[in-house]
Amino acid sequence: MELTGRVIKMLPLQTGQGKSGEWKKQEFILETNAQFPKKVCISVWGDKIEQFNLAEGSAVTVSIDLESREYNGRWYTDVRAWKVIKAEPVSPEEPDVLPEGPFNLKAEEPDDLPF
């Protein structure tokens with residue numbers, strides 16, 4: 001499953017010691033680009049934290065896995081990112097290109113209208 005949006009908040013890095021050794025987790029809030037935007041808390045685990053190099057304000061497409069587990073009669077759902085693609089930044093130096101057509105007059109062309 002994929003979600004596209006903008007990273008609006010990076011939550012603090014969490015670390016700990018488990019049965020298999022040390023672990024680390026970074027969560028971030030993604031606001032989707034839908035007609036009615038949703039905010040989704042997504043977690044990134046281990047080496048992928050540095051690999052994805054996320055920052056607030058980044059436009060991204062995130063591939064996620066959903067997983068739920070039960071604990072003491074309550075269910076908890078994780079949204080884990082396994083792939084992140086950053087949107088290509090638009091260069092502000094690029095001039096706006098107008099389409100060719102009869103209504104596009106360039107400044108150097110004389111205005112030969114009779115009125």
Side-chain angles (χ1 to χ4, degrees):
M1 177 181 287
E2 286 187 348
L3 294 173
T4 300
R6 184 166 305 280
V7 177
I8 60 170
K9 182 146 181 93
M10 295 296 296
L11 300 177
L13 180 68
Q14 300 173 28
T15 60
Q17 192 68 31
K19 297 175 186 173
S20 307
E22 191 174 328
W23 58 267
K24 58 184 174 177
K25 174 174 87 164
Q26 175 81 56
E27 293 178 315
F28 64 96
I29 309 300
L30 181 85
E31 185 172 53
T32 64
N33 294 337
Q35 181 180 0
F36 302 105
K38 305 281 188 239
K39 293 179 179 130
V40 182
C41 182
I42 301 173
S43 61
V44 180
W45 289 82
D47 295 339
K48 294 198 183 290
I49 296 169
E50 289 84 23
Q51 178 184 351
F52 295 159
N53 193 25
L54 293 169
E56 289 183 13
S58 300
V60 295
T61 298
V62 183
S63 298
I64 59 169
D65 283 330
L66 301 174
E67 182 180 355
S68 295
R69 64 190 179 289
E70 185 266 338
Y71 179 74
N72 288 339
R74 296 197 57 183
W75 284 88
Y76 299 88
T77 301
D78 279 337
V79 180
R80 290 188 183 191
W82 56 271
K83 179 179 168 186
V84 173
I85 300 172
K86 293 184 179 180
E88 294 296 321
V90 177
S91 172
E93 293 83 30
E94 268 185 38
D96 291 335
V97 178
L98 297 174
E100 295 296 325
F103 302 109
N104 260 353
L105 297 177
K106 296 180 181 156
E108 60 271 358
E109 292 179 4
D111 184 11
D112 60 353
L113 295 176
F115 48 91

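- The pair E67-R69 does not meet the salt-bridge criterion, since no charged nitrogen lies less than 4.0 angstrom from a carboxylate oxygen.
- Interatomic distance, T15 OG1 to K24 NZ, rounded to the nearest 0.5 Å: 9.0 Å.
- Residues A81 and V44 come closest through the heavy atom pair CB-CG2, 4.0 Å.
- Residues V79 and I29 do not share a hydrophobic cluster, clusters being chains of Ile/Leu/Val/Met/Phe/Trp/Tyr side chains in contact below 4.5 Å.
- In the hydrophobic clustering of this structure, W45 does not group with F52; members are Ile, Leu, Val, Met, Phe, Trp, Tyr whose side-chain heavy atoms approach within less than 4.5 Å, directly or through other members.
- Atom CG of L3 sits about 10.0 Å away from atom CG of N33, to the nearest 0.5 Å.
- For the pair E27 and Q14, the minimum side-chain heavy-atom distance is below 4.5 Å.
- One hydrophobic cluster, built from ILVMFWY side chains closer than 4.5 Å, cannot hold both Y76 and I42; they sit in different ones.
- Using a 4.5 Å cut-off between side-chain heavy atoms of Ile, Leu, Val, Met, Phe, Trp and Tyr, with links allowed through other members, V40 and V60 fall into the same hydrophobic cluster.
- Between C41 and L11 the shortest side-chain heavy-atom distance falls below 4.5 Å.
- Taking both residues in full, the closest heavy atoms of G18 and W23 are given as N-CD1, 3.8 Å, listed atom of the first, atom of the second, then distance.
- For K86, the NZ atom counts as densely surrounded, since its 6.0 Å shell holds more than 12 non-hydrogen atoms of other residues, nucleotides or ligands.
- Note: Q26 CD to K48 NZ = 15.0 Å, rounded to the nearest 0.5 Å.
- Within 6.0 Å of the OH atom in Y71, the count of heavy atoms belonging to other residues, nucleotides or ligands does not exceed 12.
- Remark: side-chain polar atoms of R6 are paired, donor with acceptor, to backbone N or O of G57 under 3.5 angstrom.
- Following chains of ILVMFWY side-chain contacts shorter than 4.5 Å, one can reach L13 starting from F28, so the two form part of one hydrophobic cluster.
- In this structure, NZ in K83 is found 13.5 Å from CD1 in I64, a value given to the nearest 0.5 Å.
- Distance alone, capped at 3.5 Å, places no donor-acceptor pair between the S63 side chain and the W82 backbone.
- Other residues, nucleotides and ligands contribute more than 12 heavy atoms inside 6.0 Å of the CG atom of D65.
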